[in-house]
Every structure is written in C-alpha cells, then in structure tokens.
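Everything below concerns the one structure shown next.
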Amino acid sequence: LLALAGAAGLFCGGRALGMAQAQKALRQSAESAGPVEGWAERSAGATTAVAALDALAVKEQLRQLLREEIPALMKQEGSAAPAPAEPQPVVAPTPEQTTSGERAETLVQASISNGQWTERDRELWQELGPRLGPEKHGELLRTLIVALNSRRITLATEGPPF
Amino acid sequence: MNDKKLKVTLLAIAAVMLGAGAVQAGYKGYNNVVVYPDGSGAYGALGDARSSSNTKEQIGCRAFVNGGSQYTYCYATDKLGAGASCITYDPVFTQRAAGINGDQFIYFLQSGGTCTYLSIDSASSNTPKTP
C-alpha cells in the first residue's frame, strides 16, 4: 500500500503535498478497515474477502485523490511554464515615419525603374532609414535586396549598398 | 677577409634567415570577394576585400536595432561591382553577425532576399584587415 501511495505521490509530480495526501488517505482507509494485526487472526476466506474489499476502497480513494490532485498540479505546472508568445501589438507609424516612408518608397521604386542604385540613392537611404519604422524599413530593404540579387538594379555605389 | 667577401657572407646569412622565416610563416589564405552569378550568395575575407587593388570589393553584415525589432543585413560586392545581399530577423544570425571582426571570412547564402546560411570563419590563414 505504501508503495502504491509512493507511486501516487510520484505520479502527482513528486510533490510533497501529493505524497502526504495520498498517505493520509491510505491511513484513513487502513484505520477504517481495522488494525493490521487483526487480519492474521481472521479466517483465510474472510481475510481474502476483506483484503479484496480493502483494495477496492483504496483504489477508489486513489482514483478520487488523483482526480483532485492532477488538475491542480497541472495548473501549477502550467503557470510555471513560459506563456506562449503573444502577438506584438501593431504600433501605428508616427507622422514623421509616414512621411519618411513615402519618400523611401519613392526612392526604392525609382531606383528599380532606373535599374541603378547610385551613391546619391544610398545617401538618401541612409538619411531616411533610421526615420522609418522597423516594418517599413525591413520591407523596403528586402525589396532592394531582392532587386539587387535578381540583377534588376546594378550598384554604382562605393560603400555598403544599403 | 676583405670587405667584399664579408658583405657576400652577410648577405648569404641574411638570405638564409629570411628563407627560414618564410618557411615558418604558416599557411596564408587569400579570399577575395566572390558573388555567385545568380546572386544566391557570396563569400570573402574582410582583410582581402579591403586590401584588394580595386575599389569595389567589400563584404560585411550590419545589425539593426529599430523600435524593438532586430534584424541583420549582409552584403557583398565583387571586383566587377556585382552584389548580393540578404536580410534576416533570426536573432541567432544577428548574434553571430555582431561577433564579426576584421580577421574573418564571411560566407552567406540567401533565398528570396532572406539569409538562409551565414558562416563566419576565424582562422589563422585569414588576412587581417589593415588600414
């Protein structure tokens, strides 16, 4: 029985609380069934019947205990685990970011139309880039990168292109 | 021993010493910037790109921190002016790119403009970047 209680305790996450409650329930079950030493004096048939009944009662109490304990423990475990990443709130661009974004968009489209990324383009991009929100900056940078890799624009710059 | 013989002897000793020095210099690799013709990737050593005889070669990565977002942009231009670039929002790439120093060799691959591979090689054979 104690081994069973130990297993129940371990199954409940090895928590002291789970183990203690399982042992308490088993103790109560054993007390209600009478003293242990009395079992040896009973007849073999009666002992078997009582033991079977006792085992059934213990099983039922264990089931009840596990039903109560496991959800509570799962809840505790869940609260300890990191919460799933929540989507970042979309921050509306500031008026300056909007204006810079429009200028940068025009710059990028014009360079693709011209098929060339000049030093002047680069200078303007360096000026506008830090004023863009991360989404717009990343989006336009990717547009330029894809255009460069696919040879839709050629470089006429000396420093890092973008 | 007259002066001429002494000079010859000293020159011979100096030549032997220089020769021995060269043997002990270790392996040196030279990796000028190579950009794949289809723009799918590039590689090269920072030191060799900088010390190349042309004015176009370059390779590097830039990390951005912008409004709570972090992303990295890697670029390369070969001696003919052909370029390849990529961007990534993967923090692992950003962390690696931040560790690049002047003695390293960079190799990146991209697909659709996104960095799919970044290799940063620190080796004794790389040419150190010099002014």
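- Cluster annotation: Leu128(A) and Ile153(A) are assigned to the same hydrophobic cluster (Ile/Leu/Val/Met/Phe/Trp/Tyr, side-chain heavy-atom contacts under 4.5 Å, transitive).
- Under the 4.5 Å side-chain contact rule for hydrophobic residues, Phe162(A) and Ile112(A) share a cluster.
- In this structure, chain A has a heavy atom under 4.5 Å from the side chain of Val35(B), while its backbone stays farther away.
- With respect to chain A, the highest number of heavy-atom pairs below 4.5 Å among Gly60(B), Ala84(B), Gly113(B), Gly83(B) belongs to Gly83(B).
- No path of Ile, Leu, Val, Met, Phe, Trp and Tyr side chains, each step under 4.5 Å between heavy atoms, connects Ile106(B) with Leu155(A), placing them in separate hydrophobic clusters.
- Atom SG of residue Cys86(B) and atom CG of residue Leu141(A) lie 10.0 Å apart, to the nearest 0.5 angstrom.
- Contact count against chain B (heavy-atom pairs under 4.5 Å) is highest for Pro134(A) among Ala147(A), Pro161(A), Pro134(A).
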Across chain B and chain A, going purely by atom type as modelled, what donor-acceptor pairs are there at a distance under 3.5 Å?
from, atom 1, to, atom 2, distance (Å)
Leu132(A), O, Asn66(B), ND2, 3.3
His137(A), ND1, Tyr71(B), OH, 2.5
Arg142(A), NH1, Thr114(B), OG1, 2.5
Arg142(A), NH2, Thr114(B), OG1, 3.4
Asn149(A), OD1, Ser85(B), N, 2.9
Asn149(A), ND2, Ser85(B), O, 2.8
Asn149(A), ND2, Gln110(B), OE1, 3.3
Arg151(A), NH1, Gly83(B), O, 2.6
Arg151(A), NH2, Tyr36(B), O, 3.2
Arg151(A), NH2, Pro37(B), O, 3.3
Glu158(A), O, Gln58(B), NE2, 3.4
Gly159(A), O, Gln58(B), NE2, 2.7
Phe162(A), N, Tyr73(B), OH, 3.0
Phe162(A), O, Arg62(B), NH1, 3.2

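- To the nearest 0.5 Å, atoms CD1 (Ile87(B)) and CG (Leu140(A)) are separated by 10.0 Å.
- Only the backbone of Leu132(A) comes within contact range of chain B, with at least one heavy atom under 4.5 Å from a heavy atom of that chain.
- Highest contact tally toward chain A, considering only Gly68(B), Ala42(B), Gly39(B), is held by Gly39(B) [criterion: heavy-atom pairs under 4.5 Å].
- Cluster membership for Val33(B) and Leu46(B), using ILVMFWY side-chain heavy atoms within less than 4.5 angstrom, is shared.
- Connection of Ile59(B) to Val34(B) is not established within any shared hydrophobic cluster, with ILVMFWY side chains joined at heavy-atom distances below 4.5 Å, either directly or through further cluster members.
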